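Because the structure is predicted, anything quoted here is derived from the model rather than measured. Here is how names work: the chains are called A, B, and so on, in the same order as the sequence lines, proteins then strands, and each is numbered from 1.
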Amino acid sequence: MNCITNVMPSPSRTPVAKNDHDVQGRDETREPHYEVKETADAFGVTVTLPGVVKDGLEITADENRLIIVGKRAWARPEQWTEVYRETSDATYILELTHENSIVPEKVNAELRDGILQISLPKVAAIKPRKISIG
Amino acid sequence: MRIIKYHTPTRRYFNPAAVYNRSLGHGFEAEINRWFDTAASGGSQQASPAQFKVDFYQDETHVYVRAELPGFARDAIAVEVVEGKLTIEATRESKEESGQTEAKLNRSLVLPDDIKVDGISAAYEAGVLTVTLPKKEEVKPRKVTVEVK
């Protein structure tokens, strides 16, 4: 009997689906749109992160990975009701791997109007070298 | 007063009468549906690169449109209301090796009738544009009593 009461919906219980959107927004992650460019000295990564401000951004760089986590800064005010939605509240996560080819200490990042620009200087060993013939 | 909190477009059909017992909201909802129907029938809108995502919200006094437009200069975003249609247009110029390219994104949305056109404002933050549209104060229904002789 006890198990039946657990399964049966009861009017006093809060509906499970009530906050599913909020829960999704917290747990769900998605890979943002990004672009990688390469010059002789560095890699440049441009990541599209609409709705993310500096405080919600976390960049981790180590010997073979670059991880970017962007949380959205905006939360719907209490009084606002959703009418129609196309965007998601999901946290952006982008993980790029490389073969020990960048200098993590020299990574430089700039976030502006929802666009993140990261420059990843290459380690000397993989930079092209000109050899002059004497 | 918020009567029902609902989250997905599909759930809006659950009990529209309870959600929109006010004429204000009902009109807006109908307009959104109408707009969405035309957008959906016009082909795959998500596949088009010249599109951006929009959200709609409302409260007692305002309707809010939020559009994801990352990386645009403020003066490159134009918000216009013409004949009951809200148009958001964003232009980005970028210099590539092949020369200067211009990307233009725009989207038009049909507004409900109860929007006060002269009070519209817009703000741009973190690559998201928020357009705030005030609703007209609720018009009292006109009551005419006809005397029966």
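Heavy atoms only, all atoms of each residue included: A:Gly51 and B:Val128 are closest at N-CG2, 3.5 Å. Closest non-hydrogen pair, A:Thr48 versus B:Pro70, comes out as CG2-CG, 3.3 Å.
Annotation for A:Glu38: atom CD counts as buried by contact number, over 12 foreign heavy atoms lying within 6.0 Å. Other residues, nucleotides and ligands contribute at most 12 non-hydrogen atoms within 6.0 Å of the CD atom of A:Glu99. The neighbour count for B:Glu80 CD, taken as heavy atoms of other residues, nucleotides or ligands under 6.0 Å away, does not exceed 12.
Between chain B and the options A:Ile115, A:Val52, A:Leu49, heavy-atom pairs under 4.5 Å are most frequent for A:Ile115.
One distance of note links CG of B:Asp55 with CH2 of A:Trp74; it measures 7.5 Å at 0.5 Å rounding.
Ring geometry for B:Tyr57 versus A:Trp80: interplanar angle of 30 to 60°, hence tilted.
Paired with A:Glu86 under the rule side-chain contact (heavy atoms from CB on, under 4.5 Å), one option of B:Arg66, B:Lys53, B:Glu68 passes, and it is B:Lys53.
Residue pairs meeting the ring-ring contact (aromatic ring centres under 6.0 Å, His included) criterion with at least one partner in residues 86-128 of chain B, sequence neighbours excluded, are absent.
Put simply, A:Ile102 and A:Val123 are part of the same group of oily side chains (I, L, V, M, F, W, Y) that touch within less than 4.5 Å, one to the next.
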